[in-house]
Peer 1: 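To start, I am sharing the structure in question, which I have written as structure tokens.
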Amino acid sequence: MTDPKDTINIENVVASTGIGQELDLQSVAMDLEGADYDPEQFPGLVYRTQNPKSAALIFRSGKIVCTGAKSTDDVHESLRIVFDKLRELQIQVNEDPEIVVQNIVTSADLGRNLNLNAIAIGLGLENIEYEPEQFPGLVYRLDDPEVVALLFGSGKLVITGGKKPVDAEHAVDKIVSRLEDLGLLE
Amino acid sequence: RLRKWQERIRTKDAGERNLQFALSEIDRMASALGVPRSVREVASVIYRRALKEDLIRGRSIEGVATSALYAACRKEGIPRSLEEISEVSRVERKEIGRTYRYISQELGLEMRPVDPKKYVPRFCSELELSEEVQTKANEIIEKTAEEGLLSGKSPTGYAAAAIYAASLLCNEKKTQREVADVAQVTEVTIRNRYQEQIEAMGIHG
DNA sequence: ACATTACTTTTTAAAGC
DNA sequence: GCTTTAAAAAGTAATGT
């Protein structure tokens with residue numbers, strides 16, 4: 001029997017940081033290869049890194065959002081690349097800007113099919129949101145850790161809203177024990 | 001003074017007019033859908049509760065009125081799909097869905113997922129299918145749902161597939177297109193659900 | 001009857017409308 | 001509230017062959 005915790009996989013990490021310097025995005029867009037900048041559509045400039053794969057949103061204030069990385073290490077590596085690219089454009093970038101992980105999206109597998117109708121009643125209709133006409137997943141909000149879980153009929157799930165990788169592990173543990181208590185697993 | 005008093009009356013009148021507008025919209029949509037008066041009353045109660053809880057801020061009166069009606073239909077056991085509801089409302093489907101989820105959560109309506117069997121009588125009637133087909137469709141829904149096949153699937157598509165399968169089994173065949181049209185789902189969805197259901201029922205189609 | 005592409009849900013920061 | 005970015009889950013839909 002596989003421990004659901006061993007099936008946890010980080011799918012996306014979102015983090016924010018700042019270079020401590022205001023930017024002229026128009027000129028950055030001109031000099032930075034592959035940059036997408038359309039201020040009419042969105043105030044941020046989009047810059048994509050290939051290895052590791054990620055997308056950085058760079059703002060006039062010098063603040064940056066990095067998304068799409070598969071680990072916190074990849075976030076740091078991606079942002080290091082972005083910082084170096086900006087330095088190549090003669091832009092002053094702080095020595096080691098603080099990088100704050102804002103959200104981690106994780107997937108996992110409980111290993112057995114779920115009867116979402118029974119789970120909706122079992123967990124309590126006031127604690128969940130399940131509208132299969134609109135979306136196939138059952139939305140379950142946990143208080144501790146403060147994350148949101150999407151449960152699917154296949155037994156697979158998505159955990160999002162966490163700030164540390166351990167949040168997903170704790171969430172999976174709690175979900176498994178709750179479903180076991182209700183006799184809705186296996 | 002007098003100015004404040006006038007302002008209060010103006011606000012009261014505006015609020016009164018908005019409530020009348022919402023209730024008349026609920027009435028108009030309910031008539032267009034052909035649902036009984038009891039549903040309109042439940043919808044009105046939900047709308048008034050949403051108003052009292054100040055849930056209309058940042059949302060359109062029509063959106064909340066439509067969502068209240070959608071919720072009322074479900075609460076009364078005669079559900080209409082978001083697709084059907086949006087046809088009589090000028091609010092788009094996506095907005096109705098998100099507003100419904102919001103007021104449902106905030107008012108603690110504790111809505112149960114829609115039972116596909118609730119769609120069987122109306123869809124079968126529109127298709128002029130016999131009582132025998134309805135019974136068979138309900139049987140298919142009941143048995144396959146017990147096996148967990150319903151998880152995550154839309155109730156209309158699920159009901160449509162069961163009706164299609166039942167019409168074949170009872171020699172009253174309707175095409176996938178005919179069933180898809182009344183249920184407002186695609187033939188692809190009926191095909192997919194149908195395959196799963198007949199396999200779970202151990203039937204050869 | 002197939003495949004492909006695309007949209008639904010959740011989360012999160014950023015600046016501006 | 002909206003705009004943009006990424007990602008997973010699974011269902012539904014539109015379009016193309």
Side-chain angles (χ1 to χ4, degrees), chain A residues 7-18 22-23 25 36-49 52-71 74-75 78 99-110 113-114 116 129-142 146-163 167-168, chain B residues 57-60 81-83 93-95 97-98 101-102 150-158 160 176 180 183-193 195-196:
Chain A
T7 69
I8 292 178
N9 190 31
I10 294 178
E11 306 287 356
N12 184 23
V13 179
V14 182
S16 60
T17 187
E22 290 242 338
L23 290 169
L25 294 183
D36 288 336
Y37 182 49
D38 183 358
E40 304 279 321
Q41 194 175 61
F42 188 68
L45 179 154
V46 181
Y47 181 72
R48 292 176 171 79
T49 63
K53 197 178 144 195
S54 76
L57 307 178
I58 305 172
F59 297 87
R60 177 195 49 76
S61 62
K63 291 188 175 180
I64 300 173
V65 172
C66 179
T67 183
K70 294 285 185 190
S71 68
D74 281 357
V75 166
S78 292
I99 295 172
V100 181
V101 173
Q102 304 286 357
N103 181 28
I104 296 179
V105 183
T106 294
S107 65
D109 190 353
L110 298 180
N113 291 337
L114 302 176
L116 297 183
E129 201 175 296
Y130 176 47
E131 292 292 335
E133 186 182 346
Q134 300 186 56
F135 186 69
L138 182 152
V139 183
Y140 184 37
R141 288 163 204 279
L142 305 242
E146 201 175 308
V147 299
V148 173
L150 306 178
L151 307 178
F152 297 87
S154 63
K156 294 198 172 157
L157 61 147
V158 171
I159 307 283
T160 187
K163 300 218 182 285
D167 289 342
Chain B
R57 274 196 185 175
R59 259 159 281 270
S60 73
S81 67
L82 287 171
E83 204 61 49
R93 202 201 104 121
K94 186 178 169 180
E95 180 62 20
R98 93 169 48 169
R101 279 182 280 136
Y102 178 69
L150 179 56
S151 287
K153 272 78 165 207
S154 102
T156 47
Y158 207 86
Q176 292 181 356
Q184 297 195 280
V185 297
T186 64
E187 292 167 272
V188 178
T189 295
I190 291 188
R191 219 171 285 139
N192 292 337
R193 295 306 134 247
Q195 288 297 338
E196 292 174 356

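Computed over heavy atoms, backbone and side chain alike; hydrogens, waters and symmetry mates excluded.
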Peer 1: On a plain distance test, is the side chain of A/Ser16 in donor-acceptor contact with the base of C/dA13 below 3.5 Å?
Peer 2: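 Not at all, since no donor on one side and acceptor on the other fall under 3.5 Å apart.
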
Peer 1: Check the phosphate of D/dA7 against A/Thr106, side-chain N and O only, distance under 4.0 Å to OP1 or OP2. Yes or no?
Peer 2: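 No, A/Thr106 has no side-chain N/O under 4.0 Å of OP1/OP2 on D/dA7.
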
Peer 1: Let's test your reading of the model: under 3.5 Å, does the base of C/dT10 pair with the side chain of A/Thr160 as donor and acceptor?
Peer 2: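 Answer no: no donor N or O sits under 3.5 Å from an acceptor.
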
Peer 1: Heavy-atom distance under 4.5 Å between the side chains of A/Ile10 and A/Ile104, does that happen here?
Peer 2: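 Touching, per the 4.5 Å side-chain cut-off.
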
Peer 1: Can we say B/Arg101 and A/Glu131 salt-bridge, meaning some charged N sits less than 4.0 Å from an Asp/Glu carboxylate O?
Peer 2: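 Between A/Glu131 and B/Arg101 there is no salt bridge, as every charged N stays at least 4.0 Å from the carboxylate O atoms.
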
Peer 1: Do any side-chain nitrogens or oxygens of B/Arg57 fall under 4.0 Å of OP1 or OP2 in D/dG1?
Peer 2: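 No, outside the criterion.
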
Peer 1: What is the nucleic acid contact for A/Ser107, judged by heavy atoms within less than 4.0 Å: base, sugar-phosphate only, or nothing?
Peer 2: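 Since no nucleic acid heavy atom lies under 4.0 Å of A/Ser107, the category is nothing.
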
Peer 1: What contact category does B/Arg98 fall into here, base, sugar-phosphate, or nothing, at under 4.0 angstrom with non-hydrogen atoms?
Peer 2: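 The residue B/Arg98 makes sugar-phosphate contact but no base contact.
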
Peer 1: By nearest nucleotide on DNA chain D, pick out whichever of B/Gly58 and A/Ser54 is the more 5' one.
Peer 2: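 Nearer the 5' end of the strand: B/Gly58.
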
Peer 1: Examine C/dA15: is either OP1 or OP2 under 4.0 Å from a nitrogen or oxygen in the side chain of A/Ser61? Give yes or no.
Peer 2: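 Checking A/Ser61 against C/dA15: at least one side-chain N or O falls below 4.0 Å of OP1 or OP2.
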
Peer 1: Does a side-chain N or O from A/Lys163 land closer than 4.0 Å to OP1 or OP2 of C/dT11, or not?
Peer 2: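 The answer is no; no side-chain N or O of A/Lys163 sits under 4.0 Å from OP1 or OP2.
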
Peer 1: Can you check whether B/Arg193 has a side-chain N or O nearer than 4.0 Å to OP1 or OP2 of D/dA10?
Peer 2: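 No, outside the criterion.
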
Peer 1: Can you name the side-chain hydrogen bond (donor to acceptor under 3.5 Å, both in side chains) partners of B/Glu95, sequence neighbours left out?
Peer 2: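 Per chain and number, B/Glu95 pairs via side-chain hydrogen bond (donor to acceptor under 3.5 Å, both in side chains) with B/Thr99.
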
